[in-house]
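Positions are given from 1 along the sequence. Everything numeric in this text was worked out from a predicted model, so none of it was measured.
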Amino acid sequence: MEHPDLIEGFENFSDAGVFRLRDDLAIVNTVDFFPPIVDDPADFGRIAAANSLSDVYAMGATPVTALSIVGVPSRDVAIEVLGRNLAAGAEKVIEAGAVLVGGHSVVDREIKFGLALSGTVHPDRLIRNSGAQPGDVLVLTKPLGMGAVSTAIKARRIGADAVARASAVMATLNRDASRAMLEHGAHGATDVTGFGLLGHARELAEASSVTLRIHALEVPIFPEAADLARRGLLSGGASRNRAFLGERVRIGSTVPGEVASVLFDSETSGGLLISLPRDGAERLVTALEDLGHDSVRVIGEVMAPESWWVEVV
């Protein structure tokens with residue numbers, strides 16, 4: 001759809017739609033929801049809300065209002081479960097500084113939860129996934145491996161301590177990362193969710209007409225995830241993402257197979273993948289580490305376009 005005030009639609013795989021309201025103000029709109037990936041209803045509510053908010057943060061915007069979206073099997077899910085979902089999700093909205101203004105529910109075969117969000121941004125401060133430039137470096141702000149973890153949870157093959165640590169990672173807002181990338185000169189960014197690191201890296205590369213090189217052993221990976229991948233505990237998204245990306249993603253012969261699998265695997269409420277000049281990247285990493293984000297890493301660089309989108313070495 002074309003409109004003179006539509007700044008970002010779906011043409012460039014953008015994380016959210018952006019519409020100009022006036023010269024100094026644009027509204028950012030996005031929606032996301034999914035079924036539980038952890039057993040605890042409150043953890044699920046926090047994770048789903050943080051995941052939804054991530055699209056706004058990836059654009060360098062500020063969340064303003066939220067609407068809850070709920071699917072619930074009316075006969076099979078106790079109202080207390082739904083209440084814990086919604087209350088925990090509302091806590092994350094408040095933490096983000098936004099306001100929960102309502103929502104909508106439908107009867108579904110399984111419970112689902114997420115948010116429709118509106119945010120604001122000055123059009124000149126908008127961070128797009130089409131802005132990566134050759135010579136930039138790539139920063140990832142959260143560890144990978146949540147697809148493997150959620151699969152292991154369903155299979156009852158992961159311990160409670162690992163689940164608690166993974167839930168804390170997924171429930172962490174990307175607010176600090178978003179503010180830091182604005183402060184330190186980001187050229188482009190996207191959040192890492194269902195298409196995995198390599199799927200979202202491909203979107204950043206294609207939208208920006210560049211090629212990304214990722215150093216596999218520099219990528220932060222959740223401690224248990226590589227072993228889970230080695231045991232075949234990956235989400236269904238891993239094989240779908242690998243098949244879709246095909247030969248446009250090149251995996252070096254020295255990259256361990258389990259690491260490559262994690263890079264392809266779907267993520268839930270992952271971090272931001274940010275393209276920015278090297279000096280800004282170093283300051284960004286330091287700033288986030290000072291705030292307690294201990295998995296922030298420089299994981300690669302942006303190159304002139306080749307015949308592939310992403311190269312993993």
Side-chain angles (χ1 to χ4, degrees), residues 8 12-16 18 28 30 50-51 53-63 96 119 121-122 124-144 146 169-170 172-216 218-221 263 267 269-303 309-312:
E8 285 290 309
N12 287 326
F13 326 105
S14 297
D15 293 299
V18 184
V28 177
T30 185
N51 181 80
L53 286 156
S54 187
D55 285 339
V56 178
Y57 289 132
M59 309 294 288
T62 300
V121 67
H122 192 294
D124 294 341
R125 287 175 61 80
L126 180 67
I127 304 296
R128 309 167 192 254
N129 68 352
S130 57
Q133 301 177 16
D136 282 356
V137 298
L138 299 168
V139 173
L140 182 64
T141 65
K142 283 189 185 183
L144 301 182
M146 299 303 107
V169 169
M170 290 185 281
T172 299
L173 296 178
N174 279 320
R175 176 181 56 191
D176 292 343
S178 182
R179 291 173 176 172
M181 74 176 181
L182 287 169
E183 182 176 349
H184 296 292
H187 290 148
T190 185
D191 66 335
V192 179
T193 52
F195 295 134
L197 175 65
L198 296 182
H200 290 286
R202 165 255 167 175
E203 292 179 339
L204 183 66
E206 187 174 1
S208 302
S209 299
V210 296
T211 289
L212 307 185
R213 177 183 289 143
I214 292 174
H215 299 271
E218 300 300 322
V219 176
I221 294 178
L263 268 58
E267 296 293 325
S269 193
L272 300 186
L273 177 63
I274 306 168
S275 174
L276 72 171
R278 184 172 295 276
D279 58 347
E282 293 171 354
R283 294 195 301 270
L284 182 148
V285 169
T286 299
L288 290 180
E289 287 177 341
D290 288 346
L291 292 172
H293 301 277
D294 56 7
S295 296
V296 185
R297 300 286 187 276
V298 174
I299 65 165
E301 54 267 345
V302 182
M303 306 183 299
W309 290 312
V310 185
E311 176 183 35
V312 183

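Counting only heavy atoms from C-beta outward, the side chains of Leu144 and Glu267 approach each other to under 4.5 Å. Side-chain contact between Leu173 and Tyr57: present, with at least one pair of heavy atoms (C-beta onward) separated by less than 4.5 Å. The side-chain heavy atoms of Ile214 and Leu140, taken from C-beta on, include no pair separated by under 4.5 Å. Contact of the Thr172 side chain with the His293 side chain is registered, since non-hydrogen atoms from C-beta on lie closer than 4.5 Å. Contact annotation: the side chain of Asp15 never approaches that of Thr193 to less than 4.5 Å [non-hydrogen atoms, C-beta and beyond]. Contact check for Ile299 versus Pro220: side-chain heavy atoms found under the 4.5 Å cut-off. Between Pro277 and Asp136, the closest side-chain pair of non-hydrogen atoms falls below 4.5 Å. The shortest side-chain heavy-atom distance between Val302 and Gln133 does not fall under the 4.5 Å cut-off.
Rounded to the nearest 0.5 angstrom, Leu182 CG and Leu276 CG are separated by 11.0 Å. The structure places OG of Ser54 at 6.5 Å from NZ of Lys142, a figure rounded to the nearest 0.5 Å. Note that CG of Leu138 is 5.5 Å distant from CG of Leu273, once rounded to the nearest 0.5 Å. Between atom CG of residue Leu212 and atom CD of residue Glu311 there is a gap of 10.5 Å, rounded to the nearest 0.5 Å. In this structure, CZ on Arg297 lies 8.5 Å from CD on Glu218, to the nearest 0.5 angstrom.
A donor-acceptor contact shorter than 3.5 Å is absent between the side chain of Ser130 and the backbone of Ala207. Between the side chain of Thr141 and the backbone N or O of Leu272 there is at least one donor-acceptor pair closer than 3.5 Å. With hydrogens and angles disregarded, a donor-acceptor distance shorter than 3.5 Å links the side chain of Asn174 to the backbone of Gly270.
Looking only at atom types and distance, the side chain of Thr190 has no donor-acceptor partner in the side chain of Asn129 under 3.5 Å away. Counting only N and O atoms by type, the side chains of Glu301 and His215 include a donor and acceptor under 3.5 Å apart.
Shown here for Ala186 and Ile274, the closest heavy-atom pair between the two residues is CB-CG2, 3.7 Å. Here the closest non-hydrogen pair linking Leu204 and Gly188 is CD1-C, 4.4 Å. When every heavy atom of Ala58 is checked against every heavy atom of Met181, the shortest pair comes out as O-CE, 3.4 Å. Closest approach of Ala132 and Val210 over heavy atoms only: O-CG1, 3.7 Å. Across every non-hydrogen atom of Phe195 and His200, the tightest pair is N-NE2, 3.3 Å. The two residues Val28 and Ala16 come nearest to each other via the heavy atoms CG1-CB, 3.5 Å.
Of the residues Glu8, Glu203, Arg128, the one that meets the side-chain contact (heavy atoms from CB on, under 4.5 Å) test with Ser14 is Glu8. Results of the side-chain contact (heavy atoms from CB on, under 4.5 Å) test with Leu53 over Ser178, Pro63, Ser269 single out Pro63 as the only residue that passes.
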